[in-house]
Amino acid sequence: MKRVISLCLFTLLLSCVSTSKVIDDPNFFGNFNPINPDEKYSLKAETPWHGDAVFYHIWVKAFSDSNGDGIGDIRGIIQKLDYLNDGDPSTSNDLGVTGIWLSPIFECDFKGDNMHGYDTVDYYKINEKFGTEADVIELLSEAHKRGIRVIFDYVVNHTSSKHPWFLDSKNGGEKRDWYIWKKNPSKEDTKTKKWQRAWGGGNWTNVWHRHADWYYYGAFWSGMPDLNLKNRDTREEMANVLVYWLNKGFDGVRIDAVRYISEDGPDAAADRPDTHVFFKKMRGDIFEKYNAAGYAKMMVGEAWTDKDKILPYYGNGTDELHMCFDFPMAYTIRDTVKSGERSAAKVENLNNYFEYIENTLPKGAVNAPFLTNHDEVASRPFTDYGGNIDKCILAAGLAILAHGSPFIYNGNELGMADGKAKGDMRHRTRIELEKIESLLADKDSILNWHKYFIKLKKSYSALRTGGYKRVPSDDGKTLAFLRYNDSETMLIVAGFNKETKSVSLDFSGIDVPKGEVTLLLGKTAGKNLSLTDENLSKFTVGDIEPASMQVYIFGVGERIR
Ligand SMILES: [Ca+2]
Ligand SMILES: [Ca+2]
Ligand SMILES: [Ca+2]
């Protein structure tokens, strides 16, 4: 017992010391296991691939159930791979995505209705409800055959309170310092700075949870204690977890709760300098090593916050996270599609946001646009837009064709509504895969439009990594912009109007090739246009249907729809 007490005092002392300056540890992840990708199941990548990807976000429990127990599973995903991308360019009934993000697949504590898996109890064991490690290896193998990369949900900020590490820690064992303990956290509150929820609000009792005479830190709730990542031993083991699965053949990770890696005191538990050090080291010591070995892998981070706070997670563009989910873009697209027909200001907001991303992301950074996910970010588009499929399609097009590599949440491509459940459960109901066949038969179904947008994104590099330039229109309720690079110039026209109409675009002062402008994507018959000196300031685009998108290329191209 005395040993435990002195260990705890030491821990307290250590945490006081470590809050005073940024961790500077040349051996940051300790003696973590070697980077040694399994050649049989890993997909080679001599250069980074994430800037050219279209991802599909699978909520494993809801997606595809292979054994009829009502719970989606890994074998169910394998059975649906041909729907996602059959790997055959000559067939076109598949969605065409090139990446999959799997929601947490490791053994977790809560196995009830809302089993989400973010409460890990064993990072080395696949959740038995989902299958086995052999199933996961087969998924990697089958996905890779089709050119689909697979990333897993890496929950590094916290474990379940039932994880053996935490049981040891709370009993004063050798892993005591793997979690964050304080005797009197509320005493650290001052008049102006308080322990509270890491994202603001609440008070110290929301994040400090009592055990015996001590309190442990858990940013989300008492059942998910935060790991003490200021401790090198903890970092070493979490690096081992990462390397174990990346070596097996995973192509990257979605990283949960990236803002909360480090907590330094009252009002200092989000976006901390140590958190950036953590991801910079992870990039340099782990991901760049895979890159050098010819197996480029990536991290996409969940920094659920404002644009100014997301940006630092990219570091200089090549030394921190590869990608970050663009939460502000999700909100802005939603807001504009919802009411752009009534408000030119909303359309202007979206244009400003696209321009912000283009002008502000450092070189090398890849944005991750999306519309919704498994959390309470927004309702599914179908529910959000009151069943207006045109608006769902327009929103999908804006996200897929936006700067970066998009993530499509499973079911949105099928026009699914929110489930009849409360809170985040409504986003996690069974994916209605039985709809696929009838949606494929209708050339203007939401599923087919997803396929068109994805095909376009994959066919034209300007839509993936090109620049962005707004084109003024005579109608504030139409968004027109160019995506361009040295070899391609694309024009995207998004109409938020209520009636079919024409708009006049002003290209004067914009450097674009004159001549034929070919319609690649549009709902109506549409027609190719021609840009001449005469119509440079009054270039007319017609047949813009309510809540619709048209995509053109300057020059010639093959019409997709
Ligand atoms: Ca099942
Ligand atoms: Ca195909
Ligand atoms: Ca934390």
Side-chain angles (χ1 to χ4, degrees), residues 15 18-19 23 54 58-98 105 111 115 118 126-132 135 139 145-148 154-159 166 178-182 185 195 197-199 206-209 216-221 224-231 234-235 238 255-265 268-279 301-303 430-431 433 440 448 450-452 454-455 458-459 560:
S15 63
S18 57
T19 55
I23 294 174
V54 177
I58 292 181
W59 189 255
V60 178
K61 180 172 182 279
F63 185 64
S64 174
D65 174 18
S66 71
N67 60 357
D69 66 355
I71 296 174
D73 45 53
I74 303 295
R75 298 212 69 77
I77 300 172
I78 296 171
Q79 290 168 1
K80 290 293 168 194
L81 283 175
D82 280 346
Y83 161 63
L84 298 177
N85 185 344
D86 65 3
D88 178 354
S90 72
T91 63
S92 58
N93 266 352
D94 46 339
L95 194 54
V97 297
T98 54
I105 53 172
K111 296 281 184 65
M115 176 174 73
Y118 289 101
I126 302 302
N127 185 334
E128 62 187 0
K129 303 270 184 196
F130 293 159
T132 63
D135 295 336
L139 171 63
K145 270 185 210 162
R146 294 163 173 81
I148 305 173
Y154 178 51
V155 186
V156 65
N157 177 65
H158 53 264
T159 67
F166 186 72
W178 281 39
Y179 295 83
I180 304 151
W181 295 93
K182 280 186 195 290
W195 279 110
R197 291 196 190 283
W199 48 93
N206 292 114
V207 293
W208 289 101
H209 314 285
Y216 63 92
Y217 186 83
F220 293 93
W221 70 295
M224 297 197 314
D226 279 46
L227 285 161
N228 177 15
L229 295 163
K230 292 187 192 293
N231 177 346
T234 322
R235 294 196 298 266
M238 289 313 290
I255 305 184
D256 187 54
V258 297
R259 301 182 64 206
Y260 312 125
I261 294 304
S262 179
E263 41 292 295
D264 296 337
D271 308 318
R272 302 300 303 158
D274 274 349
T275 298
H276 291 287
V277 170
F278 183 85
F279 289 119
E302 180 210 23
R430 194 183 62 80
I431 307 304
L433 298 168
L440 285 174
N448 276 322
H450 272 79
K451 283 167 37 191
Y452 305 148
I454 291 168
K455 183 172 181 188
K458 287 161 73 177
S459 304
I560 289 174

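If you're wondering where the values come from, they're calculated on a predicted model, not measured in any experiment. Counting starts at 1 for both ligands and their atoms, following the listed order. Values below: every heavy atom of this structure, side chains too, minus hydrogens, waters and symmetry copies.
Among the backbone and side-chain atoms of Ile71, an N/O/S atom is found under 3.0 Å from the Ca ion (ligand 1). Among the backbone and side-chain atoms of Ser262, no N/O/S atom is found under 3.0 Å from the Ca ion (ligand 3). At least one N/O/S atom of Asn157, whether from backbone or side chain, sits less than 3.0 Å from the Ca ion (ligand 3). For a distance bound of 3.0 Å, the N, O or S atoms of Ser66 include none lying that close to the Ca ion (ligand 1).
The aromatic rings of Phe166 and Tyr179 sit perpendicular, their planes meeting at an angle over 60°, well past the 30° parallel limit.
By the 6.0 Å contact criterion, NZ on Lys455 is open, its count of non-hydrogen atoms from other residues, nucleotides or ligands being 12 or less.
Closest approach between the Ca ion (ligand 3) and any N/O/S atom of Asp226 involves OD2. The atom of Asp88 nearest to the Ca ion (ligand 2) is O, with the search restricted to N, O or S atoms. With respect to the Ca ion (ligand 1), Asp73 has OD2 as its nearest N, O or S atom. Checked against the Ca ion (ligand 1), the N, O or S atom of Asp69 at the shortest distance is OD1. Taking the N/O/S atoms of Asp86 in turn, the shortest distance to the Ca ion (ligand 2) belongs to OD1. Closest approach between the Ca ion (ligand 3) and any N/O/S atom of Glu263 involves OE1. Within Asp65, the N, O or S atom lying nearest to the Ca ion (ligand 1) carries the name OD1.
Trp195 and Tyr217 have their aromatic ring centers within a separation under 6.0 angstrom.
The residues Lys230 and Asp264 are annotated as salt-bridged, a charged nitrogen and a carboxylate oxygen being separated by less than 4.0 angstrom. A salt bridge links Asp82 and Arg146; the closest N-O separation between the charged side-chain nitrogens and carboxylate oxygens is under 4.0 Å. Electrostatic pairing of Glu128 and Lys111 counts as a salt bridge here, judged by a charged N lying under 4.0 Å from a carboxylate O.
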Could you walk me through whether Ser90 and Asp88 pass the side-chain hydrogen bond (donor to acceptor under 3.5 Å, both in side chains) check? CA-CA 5 Å; Ser90 72; Asp88 178 354; 2.7 Å; yes
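Rounded to 10°, the angle formed at the Ca ion (ligand 2) by O of Thr91 and OD2 of Asp94 is 130°.
At a cut-off of 3.5 Å, with distance as the only test, a side-chain donor of Asp73 or Ser66 sits close to an acceptor on the other residue.
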